[in-house]
Amino acid sequence: MAPSNFIRNMIAEDLAADKHGGRVHTRFPPEPNGYLHIGHAKSICLNFSVAAENKGHCNLRFDDTNPAKESQEYVDAIKDNIKWLGFEWHGEVRYSSGYFEYLYRFAVQLIENGLAYVDSLSPDEAREYRGTLTEPGKNSPDRGRSIEDNLELFERMRAGEFEDASYSLRARIDMAAPNINMRDPVLYRIRHIAHHQTGDQWCIYPTYDYTHCISDAIENITHSLCTLEFEDHRPLYDWILNNLDIASLREVSDLGKQDVKYVLPQQTEFAKLKLNYTIMGKRNLKEMVDTGVVTGWDDPRMPTLAGMRRRGFTPASIRNFCESVGVSRSESIVDMSMLEHAIREDLDRNAPRAMCVLKPLKVSLENLDEGHREILSLQNHPKNELMGRRDVPFTRDIYIDRADFEEEPPAGFKRLVAGGEVRLRGSYVIKCMDVVKDANGEITELKCSVDKDTLGKKPEGRKVKGVIHWVSASEGIPISIRLYDRLFNVENPESKDIEDYRDCLNPNSLIEVTGSIVEPSVLNESASPNFQFEREGYFCIDHKDSTENDPIFNRTITLRDSWSA
RNA sequence: UGGGGUGUCGCCAAGUGGUAAGGCACAAGGUUUUGAUCCUUGCAUUCGUUGGUUCGAAUCCAGCCACCCCAGCCA
């Protein structure tokens, strides 16, 4: 059962009180002005699951009221991300811009009722008239304009007779309101600019505050969930809906013709997701992309869904993570380890195992024939036989990782040492007979012998503790590997006491390793999208930068490591 | 000296007057051909703080403190 949170509780209460005639209808309303990140995932999961749990629906609505910042590219990417996460929105994709005509008519209605007026104050003047946090504002000289004049001017605004920002339509509320959002907020502004959905049909665009509540009402949304910073906007959300004629609102709503209880939507706010060691601000993320700090929105180090996907995160891991962080009203910063736990949990259960040597050290097994080759059948998953087996070629020359051999091992070292024994994973126990070095004293090769009586059984009379991974030298395939670490080396790069988040970048957030060797099965046509390279971590192929001759693998996450020298 | 919020274990978080769930992290054991996984155990006499009400308070009341949001014709 889903954990309890204040929103689920509220919905349960609303249902019990039959507040919406048994309906639960939510919506995810992104502005298409950037890529979705893990913070959006929290909202997506919340909105979609809360609807599904109550046999309700969740719409996808692009809140596209500011064409200057938006584009079709983002619309497409957002739709793609949501589908990838595994959610299905109700019906067609919605656009706030799809309601522009209704919005216009409702604005006329407000004007007719003396609740909105056309203002000729410039943006700068409007700011002065607004007052401050502690001082009330003062009325615009245009506040008393007649309804007829307002109607005419608003129509001419729409007709394109005026320049940008020369007029605006404002709600007539209260310039002395302690809540600044209620000091005659702007409802419409003039922008002679094309819109990605409506082209040049419009030159006046409604603001978020005016649009959002009406769009919710049109879509018969019951619970309008948003983040905490919109809390102060709720009185305005309610003011607009309550000052419109409810019958005409109902009439244009999706369920207008149906015999359902028409109830105005209700906004509820929850805390945004913050993760330590990363940033979530769209502006900063965009800046990192634009200035080349990262390679793009889908850079595997980015907290974007596109980046995490490329990094190897699974939809299930992200959904589980969002569920595990919960939903509350207290602003919190979630520890990275929770995200890491979520992806490890999923991949441990579902990713097939394989062997890959990151930094190869050649080992020749001296007591095998030159052309020795045998096929070992290894289980793809140690606990799940259903995941099958694969053939792994075992040959006279193999590679092990340089880190798995030490001439002067630290205390507790369980791997290979000169004269010592170690188990080759899924294969034999070998003993190191000789260490070959070059002129610089660098180890270039190990000469070992195989205990042929140890395949699938313990050696007799002694214990061999260590198990290391290996790959056939002649049949392994060279690949490149990208190791990722957190992008920042401070917990909260966006905190107030940090001047510039760019000063806190982790210089080792990406380490490229070339010349790694992987067992051949990993590159099969039908290979799994994710692997655990045993003892190294979880990896996936990078579809963007890989070439036929140089496959590149991204390390999604390391294995937990309780030893780490 | 305006308005709106939030404060429960290192990090999330449940709890809504009946005597502090859970997860992550961490620590200690056990199993293990991945120093992984898995299993077991431990981990808040205390809920920002000070008072008050009550047989009983994290939950109700009052004061105080800390932090967050708001002065875009952004969302």
Side-chain angles (χ1 to χ4, degrees), chain A residues 3-6 9 29-31 33 63-66 68-70 119 121-123 126-128 130-137 164-170 177-183 185-191 204-205 207-209 211-212 226-235 269 271 273 276 282 323-342 344-345 348-349 353 355 381-383 412-415 422-427 429 454 456-458 464-469 491 496 532-537 558-565:
Chain A
S4 124
N5 64 48
F6 80 101
N9 295 346
E31 183 189 16
N33 68 344
D63 213 350
D64 54 349
T65 56
N66 184 9
K69 293 188 173 177
E70 302 158 4
D119 194 7
L121 248 32
S122 71
R127 188 181 330 119
E128 275 175 42
R130 188 156 34 237
T132 69
L133 293 178
T134 52
E135 298 157 328
D164 285 7
S166 56
Y167 286 101
S168 65
L169 182 74
R170 296 230 254 160
N179 179 349
I180 292 189
N181 293 298
M182 299 299 272
R183 317 240 261 233
V186 170
L187 269 24
Y188 268 90
R189 67 289 212 183
I190 303 175
R191 289 276 183 285
I204 56 172
Y205 291 99
T207 55
Y208 162 83
D209 283 311
T211 307
H212 206 93
C226 64
T227 45
L228 249 22
E229 70 269 28
F230 293 104
E231 209 164 2
D232 293 342
H233 296 239
R234 191 171 61 218
E269 312 84 13
L273 173 69
N276 63 179
K282 224 181 238 184
E323 196 59 69
S324 77
V325 300
V327 180
S328 78
R329 289 176 62 86
S330 72
E331 309 203 18
S332 48
I333 302 181
V334 173
D335 201 286
M336 233 353 176
S337 66
M338 283 220 218
L339 217 210
E340 296 177 344
H341 171 78
R344 286 194 184 111
E345 185 182 46
D348 174 58
R349 186 163 32 239
R353 315 282 122 127
M355 291 192 286
H381 194 286
K383 292 189 171 174
F413 190 74
K414 284 173 38 175
R415 287 104 93 147
V422 79
R423 159 80 64 183
L424 293 179
R425 174 70 164 153
S427 177
V429 170
T454 54
K457 55 172 141 171
K458 293 193 195 315
V464 174
K465 259 194 177 168
V467 179
I468 63 173
H469 54 102
E491 286 216 30
K496 292 242 150 73
Q532 183 196 105
F533 289 165
E534 289 195 82
R535 303 211 307 132
E536 292 292 357
T558 59
L559 258 29
R560 261 184 91 238
D561 183 4
S562 55
W563 192 66
S564 90

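Note that these values count all heavy atoms, side chains included, but never hydrogens, waters or copies made by symmetry. All values reported here derive from a predicted model rather than from experimental measurement. So you know, we letter chains A, B, ... as the sequences are listed, proteins then strands, and number each from 1.
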Please figure out whether A:Arg130 or A:Gly326 has its closest RNA chain B nucleotide nearer the 5' end. A:Gly326
Atom-to-atom span, CD of A:Glu31 to C1' of B:rG72 - whole angstrom: 13 Å
Taking any heavy-atom pair under 4.0 Å as a contact, classify A:His212: base, sugar-phosphate, or nothing. nothing
Using the glycosidic torsion, which applies to B:rG72: syn (within 90° of 0) or anti (everything else)? syn
Euclidean distance, atom CZ of residue A:Arg183 to atom C1' of B:rG72 [Å, nearest integer]: 15 Å
Just the rounded figure in Å: distance from P of B:rG72 to CZ of A:Arg170. 11 Å
Return the set of residues passing ring pair (Phe, Tyr, Trp, His ring centres under 6.0 Å) with A:Tyr167 (not counting sequence neighbours), or none when no residue passes. A:Phe162
So if I define the base as every atom that isn't primed, P, OP1 or OP2, how would nucleotides 32-44 of chain B read as a B/S/- string at a heavy-atom cutoff under 4.0 Å? -BBBSBS------
Please encode protein proximity along nucleotides 3-9 of chain B as a string of B, S and -, counting only heavy-atom distances under 4.0 Å. BSSSS--
Could I get the full list of side-chain contact (heavy atoms from CB on, under 4.5 Å) partners for A:Pro123, not counting sequence neighbours? A:Ala165
Between B:rG15 and B:rG23, how far is it from one C1' atom to the other, in whole Å? 16 Å
Counting only side-chain nitrogens and oxygens, does A:Ser4 get under 4.0 Å of the OP1 or OP2 atom of B:rG15? yes
NZ/NE/NH1/NH2 to OD/OE distance under 4.0 Å, A:Glu534 and A:Arg425: yes
Euclidean distance, atom CE of residue A:Met336 to atom P of B:rA25 [Å, nearest integer]: 14 Å
Starting at atom OH of A:Tyr208, determine the distance to atom P of B:rG72, rounded to an integer number of angstrom. 17 Å
Phosphate-side-chain proximity, A:Lys496 and B:rC69, N/O vs OP1/OP2 below 4.0 Å: yes
Give A:Phe230 one of three labels, base, sugar-phosphate or nothing, depending on what nucleic acid heavy atoms sit under 4.0 Å from its own. base
Would you indicate, yes or no, if B:rC73 has its OP1 or OP2 atom less than 4.0 angstrom from a side-chain nitrogen or oxygen of A:Arg127? no
Between B:rG2 atom P and A:Asn181 atom CG, what is the distance in whole Å? 18 Å
Of the candidates B:rC70, B:rA25, B:rG15, the side chain of A:Asn9 sits closest to B:rG15
Would you please enumerate the stems RNA chain B participates in, each stem being three or more consecutive Watson-Crick or G-U wobble pairs with both distances under 3.5 Å? B:2-7 with B:65-70, B:10-12 with B:22-24, B:26-30 with B:38-42, B:48-52 with B:60-64
According to side-chain hydrogen bond (donor to acceptor under 3.5 Å, both in side chains), who are the partners of A:Lys496, at least two apart in sequence or on a separate chain? none
Sequence neighbours left out, what passes side-chain contact (heavy atoms from CB on, under 4.5 Å) with A:Arg191? Give chain and number order. A:Arg189, A:Ile193, A:Tyr205
Whole-Å gap separating C1' (B:rC70) and NE2 (A:His233): 7 Å
A:Glu229: side-chain contact (heavy atoms from CB on, under 4.5 Å) partners, not counting sequence neighbours: A:Thr227, A:Lys272
Using the ring pair (Phe, Tyr, Trp, His ring centres under 6.0 Å) criterion, which residues pair with A:His233? Sequence neighbours excluded. A:Phe230
Closest-nucleotide 5' rank along RNA chain B - winner of A:Thr65 and A:Thr134: A:Thr134
Verify the contact: side-chain N or O of A:Thr207 to OP1 or OP2 of B:rG72, cut-off strictly under 4.0 Å; return yes or no. no
When you check the side-chain N and O atoms of A:Asp209 and A:Thr207, is any donor under 3.5 Å from an acceptor? no
Non-hydrogen atoms of A:Arg329 and A:Ala271 that approach each other most closely: C-CB, 4.1 Å
Going by the rule side-chain hydrogen bond (donor to acceptor under 3.5 Å, both in side chains), which residues pair with A:Arg560 if we only count those two or more places apart in sequence or in a different chain? none
List in chain and number order the residues that pass side-chain contact (heavy atoms from CB on, under 4.5 Å) with A:Pro136, two or more places apart in sequence or in another chain; answer none if no residue qualifies. A:Ala176
Taking only residues two or more places apart in sequence, or in another chain, which ones meet A:His469 in a ring pair (Phe, Tyr, Trp, His ring centres under 6.0 Å)? none
Just the rounded figure in Å: distance from P of B:rA14 to CG of A:Asn5. 7 Å
